[in-house]
Amino acid sequence: MTDPRRRVPRTDAVLAALDAEVAELGHDTVKAAIHTAQQQVRDGLLAPERVVDRARAVLRTGPRPVLNATGVVVHTNLGRAPLSAAARAAVQAAAGTTDVEFDLETGLRRRRGLDTLDAVRAAVPDAQDVHVVNNNAAALLLCAIVLAGSRDIVVSRGELVEIGDGFRIPDLLSSTGARLRGVGTTNRTTVRDYAEAVSGDTGFVLKVHPSNFQVTGFTSTPSVAELSGLGVPLVVDIGSGLLGPHPVLPDEPDATSVLRSGASLVTASADKLLGGPQAGLLLGEAKLVDRLRRHPAARAVRVDKLTLAALGATLRGPRPPVVVALEADPSDLLRRAERLAQSLRAQGIDADAVSSVAVVGGGGAPGVELPSAAVSLPETYARPLRVGSTPVVGRIDHGRCLLDLRTITEPDDDLLLDAVLSVD
Ligand SMILES: *Cc1c(COP(=O)(O)O)cnc(C)c1O
């Protein structure tokens, strides 16, 4: 009787546990997944009591929603910016056929995503024109292909950076056939270094914001204003996607200030501090934007209607969750942590409210600490919370599992509470 093959759960019993999946995906699909799991039990690869979980795993088709309790506001591994309610609604509405490239008034074709482009222009009046691509890497790629071709991109050696997971901006740029011309040194580069490198064979000068590290001590690098007079286009990759200055992050570059200082083009991600969907923004001189968007390569990096819908709604709608997280008042966070910890203690769980430190993360502002508050649990909670039905990702600190509330929106507090209570 210990042979697991004799204890394969009956299909009907498993189906009953998966009625939500049946309602969503249909009977046949769910049954096929159950059969896969049952076969694994017969083959001795799966414990009989895991059949429901395995069938669910077989049915999973994409990223699952998780609660980000890490205190890292823009967490690349957790999909960066969560969309605002307005952006989610806009995605839902745009999921069918839309006027993405069509003028309903005249019945003629019109520029793709025009309403969204207008929303970006309204947010950054200093940009003469705007183009939106798949992500910031695509924006840089397009600049290299169109503005440099096989000519030089002049860039400081201190800005030849790796963004993460082995993605290096210099490799991306040189993959297009453009020649990278590094100037200056890791810690110091002067306007003169740039001026000496610029020639008739220069496509553009690139300035890259070191968004995930700091170089301190004997350092210097010219300002955007100083680089704008070199007689070639100046492209500035600001990374984070702040459209205007933000009081919480005074040292983070923003599109408006950089354009006012004389940049020809700004490139940025839309899913970092802007708090929108994955996209790359190109803002600046109309003449350059026009060349970028009309080049054949633009087609390969164009955004879809869902992204355009989400981006427009992020810009026009209320503050997205990333901005709410940046601006949260630490005393409010502590009050929420205390309420949660108290409810958990009432159920006999070893929980405390503690102060903590959150960070912006991959989105920029390295070194900036955001005072925060967290629910502190025994470290043994970390894994069960991650694999629960509402996965929660916290952070381990000094043998405790911290659930940082700066990256949880207040309406999700009860969801977080339920997730902790369902750990057994
Ligand atoms: C994040 C980042 C990128 C890459 O942006 P994606 O939108 O992820 O492609 C490029 N440059 C800088 C400075 C960044 O911070």
Side-chain angles (χ1 to χ4, degrees), residues 63 72-83 120 130-145 147 153 155-176 178 180 189 204-215 221 224 227 234-243 246 249 251-255 257-259 263 265-284 292 297-298 300-304 306-308 310-311 314 320 322 326 359-368:
V72 179
V73 175
V74 178
H75 199 303
T76 296
N77 303 150
L78 300 182
R80 292 196 183 154
L83 294 183
V120 181
V130 175
H131 185 56
V132 182
V133 292
N134 182 52
N135 57 11
N136 192 12
L140 290 167
L141 193 77
L142 198 56
C143 287
I145 293 171
L147 306 181
I153 299 172
V155 59
S156 164
R157 292 198 172 90
E159 296 173 5
L160 297 172
V161 303
E162 175 169 322
I163 300 299
D165 195 26
F167 165 57
R168 295 177 169 173
I169 288 182
D171 295 345
L172 173 90
L173 296 170
S174 33
S175 75
T176 67
L180 269 198
T189 306
F204 60 96
V205 168
L206 176 66
K207 192 168 170 59
V208 181
H209 177 53
S211 52
N212 56 3
F213 69 101
Q214 283 172 306
V215 182
T221 175
V224 171
L227 294 179
L234 171 61
V235 177
V236 181
D237 171 10
I238 61 168
S240 76
L242 278 188
L243 298 183
H246 195 286
L249 305 171
D251 297 328
E252 193 66 14
D254 67 273
S257 310
V258 167
L259 287 170
L265 273 179
V266 168
T267 79
S269 298
D271 57 349
K272 294 181 177 175
L273 295 177
L274 178 62
Q278 178 188 307
L281 305 182
L282 284 150
L283 311 107
L292 294 172
V301 292
R302 79 171 186 181
V303 274
D304 76 322
L306 302 181
T307 301
L308 289 164
L311 180 59
T314 301
V322 163
L326 271 186
V359 295
V360 171
V368 172

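Both ligands and their constituent atoms are indexed starting at 1 by order of listing.
Counting the atoms of ligand 1 from 1 in the order shown, those under 4.0 Å from a heavy atom of Asp237 are 10 (C), 11 (N), 12 (C), 13 (C). Set against the non-hydrogen atoms of Ile169, the atoms of ligand 1 under 4.0 Å away are 10 (C), 11 (N). Proximity to Lys272 (heavy-atom distance under 4.0 Å) selects the following atoms of ligand 1: 1 (C), 2 (C), 3 (C), 14 (C), 15 (O). Within ligand 1, the atoms closer than 4.0 Å to a non-hydrogen atom of His209 are 13 (C), numbered from 1 in the order shown.
Annotation: side chain of Ile163 is in contact with side chain of Ile169 (closest heavy-atom distance under 4.5 Å). Taking the side chain as every heavy atom from C-beta outward, Val360 and Leu273 approach each other to under 4.5 Å. The shortest distance between side-chain heavy atoms of Cys143 and Thr267 falls below 4.5 Å. At least one side-chain heavy atom of Glu252 sits under 4.5 Å from a side-chain heavy atom of His209.
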- Check the pair Leu292, Leu147 against side-chain contact (heavy atoms from CB on, under 4.5 Å), reporting the backbone distance first and the verdict last. CA-CA 8 Å; Leu292 294 172; Leu147 306 181; 4.1 Å; yes
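Not close to ligand 1: Gln278, with no non-hydrogen atom less than 4.0 angstrom away.
Between Lys207 and the options Val236, Val266, Ile238, Thr189, a side chain to side chain contact (heavy atoms under 4.5 Å, CB included) holds for only Val236.
Checked by distance only, ligand 1 and Ile163 stay at 3.5 Å or farther apart across all their nitrogen or oxygen atoms.
Only the side chain of Arg80 comes within 4.0 Å of ligand 1, counting heavy atoms alone; its backbone N, CA, C and O stay farther away.
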